[in-house]
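The model shown is predicted, which means the values in this text are computed figures rather than measured ones.
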Amino acid sequence: MSFSASESVSPALVSPDEISLEKLSSSPPLKLGIMASGTGSNFVAIADAIAQHHLAAHIQVVIYNNPDAPVAQRAQERQIPTHLINHRHFSTREVFDQQIVDRLREADVDWVVMVGWMRRVTQVLIDAFPDRMINIHPSLLPSFPGIRAIEQALEHQVKISGCTVHIVRLEVDSGPILIQAAVPVYPEDTPASLHRRIQIQEHRIIVQAIAQLIQNRLTPCRQ
Ligand code: GRF
């Protein structure tokens, strides 16, 4: 495999070692494009880490596809540019993705961070940002990719679940894993209670993953 990030990262099922975030603040800022369409709690975790100088990064733009997504307001409150690109207005996934690529390029983005992006990506996005897109997913991949990850974990009565940050590849929720964090699953858990516990870890590992990108300055394997 040409991608080397996972080699430098603590493996699955344990919380990874904390990177010293403070040490990273002297690097030139990594220019991030956020793709999201949910409540935006992961976006807030990233934005707060940047505001507190824990991450030498800058959010260039937030792209969202759902007009009602609370993430948009949360970005606007922080004076971060937002773009609504509503997939319902595009004839194909490829044309939709091309519009996203155009906005990300206009914003001069180095890395794309998907936090609650619920659309399948096409080769158009992959080719535009080869090995420069990460995604967070609420399961310990490769278990339970796709939608209803938390419900699937409960249906299978797993005792440990968690979350994963990975490089985005064409297949849904596939690609080299950067960081995972585990959380216990309790018999009385509902999807909401398990999701709350997972999100606490999500907010930690998404920041850690971006810190790794800054530290490693990963080189894409394709241009
Ligand atoms: C997260 O749980 C993420 O794993 C999933 O969508 C959710 C987004 O949450 N892909 P938020 O909008 O960041 O609060």
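When side chains are defined from C-beta on, Asn86 counts as touching Pro67, because their heavy atoms get closer than 4.5 Å.
His58 NE2 to Asp110 CG: the interatomic distance, rounded to the nearest 0.5 Å, is 12.0 Å. The structure places CD1 of Ile59 at 11.0 Å from CG of Leu30, a figure rounded to the nearest 0.5 Å. One distance of note links OG of Ser37 with CG of Asp68; it measures 11.0 Å at 0.5 Å rounding. With rounding to the nearest 0.5 angstrom, the CD1 atom of Ile46 is 9.5 Å from the OG atom of Ser41. How far CD of Glu202 is from CG of Asn42: 4.5 Å, rounded to the nearest 0.5 Å. Of the inter-residue distances, the one linking Asn65 atom CG with Ile100 atom CD1 reads 7.5 Å to the nearest 0.5 angstrom.
Connection of Leu32 to Ile179 is established within a shared hydrophobic cluster, with ILVMFWY side chains joined at heavy-atom distances below 4.5 Å, either directly or through further cluster members. Cluster annotation: Ile150 and Ile205 are assigned to distinct hydrophobic clusters (Ile/Leu/Val/Met/Phe/Trp/Tyr, side-chain heavy-atom contacts under 4.5 Å, transitive). Hydrophobic clustering, with ILVMFWY side chains joined whenever heavy atoms are under 4.5 angstrom apart, groups Ile85 together with Val95. In terms of hydrophobic clustering, with Ile, Leu, Val, Met, Phe, Trp and Tyr side chains grouped at heavy-atom distances under 4.5 Å, Ile34 and Leu84 are assigned to a common cluster. Taken together through direct or relayed side-chain contacts under 4.5 Å among Ile, Leu, Val, Met, Phe, Trp and Tyr, Val183 and Leu141 form parts of separate hydrophobic clusters.
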TODO: Go through the steps for Leu194 and Leu154 under the test side chain to side chain contact (heavy atoms under 4.5 Å, CB included), then give the verdict.
DONE: CA-CA 9 Å; Leu194 180 54; Leu154 290 172; 3.9 Å; yes
Open item on the list: Determine whether Val168 and Ile134 satisfy the following criterion, side chain to side chain contact (heavy atoms under 4.5 Å, CB included), listing intermediate values before the conclusion.
Closed with: CA-CA 5 Å; Val168 175; Ile134 60 172; 5.5 Å; no
- [ ] Dump the intermediate steps for side chain to side chain contact (heavy atoms under 4.5 Å, CB included) on Met133 and Ile126, then the final yes or no.
- [x] CA-CA 8 Å; Met133 293 194 289; Ile126 301 276; 4.0 Å; yes
Task: Trace of the side chain to side chain contact (heavy atoms under 4.5 Å, CB included) decision for Val61 with Val109 - done: CA-CA 8 Å; Val61 67; Val109 161; 4.1 Å; yes
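Lys31 contributes no side-chain N or O that, together with a main-chain N or O of Pro29, makes up a donor-acceptor pair within less than 3.5 Å. Put simply, the side chain of Gln60 gets close to the backbone of Ala107: a donor and an acceptor are under 3.5 Å apart. Judged by distance alone, the side chain of His195 and the main-chain N or O of Pro191 form no donor-acceptor pair under 3.5 Å. Between the His166 side chain and the Pro176 main chain, no donor and acceptor come within less than 3.5 Å of each other.
In plain terms, the two heavy atoms of Pro145 and Asp173 that are nearest each other are C-OD2, 3.6 Å. Between Ser143 and Ser139, the shortest heavy-atom distance links the atoms O-OG, 2.6 Å. Counting all heavy atoms, side chain and backbone alike, Val165 lies closest to Ala209 at CG1-CB, 3.6 Å. The shortest non-hydrogen separation linking Leu55 to Val207 is CD2-O, 3.7 Å. When all heavy atoms of Ser161 and Ala153 are compared, the closest pair comes out as OG-CB, 4.1 Å. The two atoms that bring Leu140 and Ala181 nearest to each other are CD2-O, 3.5 Å, heavy atoms only.
Looking only at atom types and distance, the side chain of Asp48 has no donor-acceptor partner in the side chain of Gln52 under 3.5 Å away. For Thr122 and Glu94, the side-chain atoms include no donor-acceptor pair closer than 3.5 Å. Counted by atom type alone, Gln201 and His203 present zero donor-acceptor pairs between their side chains at under 3.5 Å. For the residue pair Gln212 and Asn216, no side-chain donor N or O sits within less than 3.5 Å of a side-chain acceptor on the partner.
Taking a 6.0 Å sphere around CZ of Arg148, one finds it holds more than 12 heavy atoms contributed by other residues, nucleotides or ligands. The number of heavy atoms from other shown groups lying within 6.0 Å of CD (Glu151) is above 12. By the neighbour-count criterion of 12 heavy atoms within 6.0 Å, atom NE2 of His87 is densely surrounded, having more than that number from other residues, nucleotides or ligands.
Note on Glu77 versus Arg74: no salt bridge recorded, every NZ/NE/NH1/NH2 to OD/OE distance being 4.0 Å or above. Using a 4.0 Å cut-off between a side-chain N of Lys or Arg and a carboxylate O of Asp or Glu, Arg169 and Asp131 qualify as a salt bridge.
In this structure, His137 has its ring center at least 6.0 angstrom away from the ring center of Phe144.
Met35 pairs in a side-chain contact (heavy atoms from CB on, under 4.5 Å) with only one of the listed residues (Val115, Asn135, Leu125), which is Leu125.
The aromatic rings of Trp117 and Phe96 lie parallel to each other, with less than 30° between the two planes, well short of the 60° mark.
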